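Notes to accompany the following structure.
None of the values given here were measured: they were computed from a predicted structure. We count residues from 1, following the sequence as given. Values below: every heavy atom of this structure, side chains too, minus hydrogens, waters and symmetry copies.
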Amino acid sequence: MASRRQVGICGELTIEELREAADMLRLLAHAHRLKIIDVLEQERGGLPVHAIVSELGIAQSAVSQHLRSMQRAGLIKRERRGKEVWYQIDSPKPLQILTCIRKAKAKS
């Protein structure tokens with residue numbers, strides 16, 4: 001069965017592409033997760049967990065839970081550096097979403 005294509009401002013999108021986008025939006029539909037992506041974007045080399053906790057001002061357990069969810073989805077990657085675990089962005093998709101949010105904010 002051929003998939004139906006939707007045409008909009010971003011061009012033609014298949015239902016599969018729209019499903020993938022919906023999954024990504026559901027995952028990132030949390031202010032702390034978006035802030036983590038924002039913070040990691042500013043530090044291209046990544047950040048250790050304690051620095052992310054400091055930036056967000058929430059419990060380390062909550063930050064770790066958000067990081068795990070995003071890592072499982074392939075948005076970020078982790079690396080052990082000595083005794084610390086560092087995280088960095090591993091997919092352009094969350095950055096594209098942040099760019100859209102910033103553009104919408106600039107227009108309002």
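Residues Ile76 and Leu25 share a hydrophobic cluster, clusters being chains of Ile/Leu/Val/Met/Phe/Trp/Tyr side chains in contact below 4.5 Å.
Taking both residues in full, the closest heavy atoms of Lys83 and Arg80 are given as O-NH1, 3.4 Å, listed atom of the first, atom of the second, then distance. Considering every non-hydrogen atom in both Arg102 and Asp38, the closest pair reads NH2-OD1, 2.6 Å. Leu34 approaches Leu28 most closely through the heavy-atom pair CG-O, 3.3 Å. Residues His66 and Ile58 come closest through the heavy atom pair CD2-CD1, 4.4 Å. For the pair Glu41 and Arg44, the tightest heavy-atom approach, listed with the atom from each and the gap, is O-NE, 3.7 Å. The shortest non-hydrogen separation linking Val53 to Gln60 is CG2-CA, 3.7 Å.
Distance check, rounded to the nearest 0.5 Å: CG of Leu47 to CD of Glu55 gives 7.5 Å. Once rounded to the nearest 0.5 Å, the distance linking CZ of Arg78 with CZ of Arg68 reads 9.0 Å. Distance check: Leu40 CG to Leu67 CG gives 7.5 Å after rounding to the nearest 0.5 Å. Taking CD from Gln65 and NE2 from His32, the interatomic distance works out to 12.0 Å, rounded to the nearest 0.5 Å.
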Side-chain donor-acceptor contacts of residues 85-97 below 3.5 Å, not counting sequence neighbours, with atom names and distances?
{"from": "Trp86", "atom 1": "NE1", "to": "Glu84", "atom 2": "OE1", "distance (Å)": "3.2"}
{"from": "Ser91", "atom 1": "OG", "to": "Lys93", "atom 2": "N", "distance (Å)": "3.2"}
{"from": "Lys93", "atom 1": "NZ", "to": "Glu20", "atom 2": "OE2", "distance (Å)": "2.2"}

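Annotation: Gln71, atom CD; neighbour count of heavy atoms from other residues, nucleotides and ligands within 6.0 Å is above 12.
A salt bridge between Lys77 and Glu79 is absent, with no side-chain N of the basic residue lying under 4.0 Å from a carboxylate O of the acidic one.
For the pair Arg33 and Leu75, the minimum side-chain heavy-atom distance is 4.5 Å or more. In this structure, Thr99 and Lys103 have side chains that are in contact, with non-hydrogen atoms separated by less than 4.5 Å.
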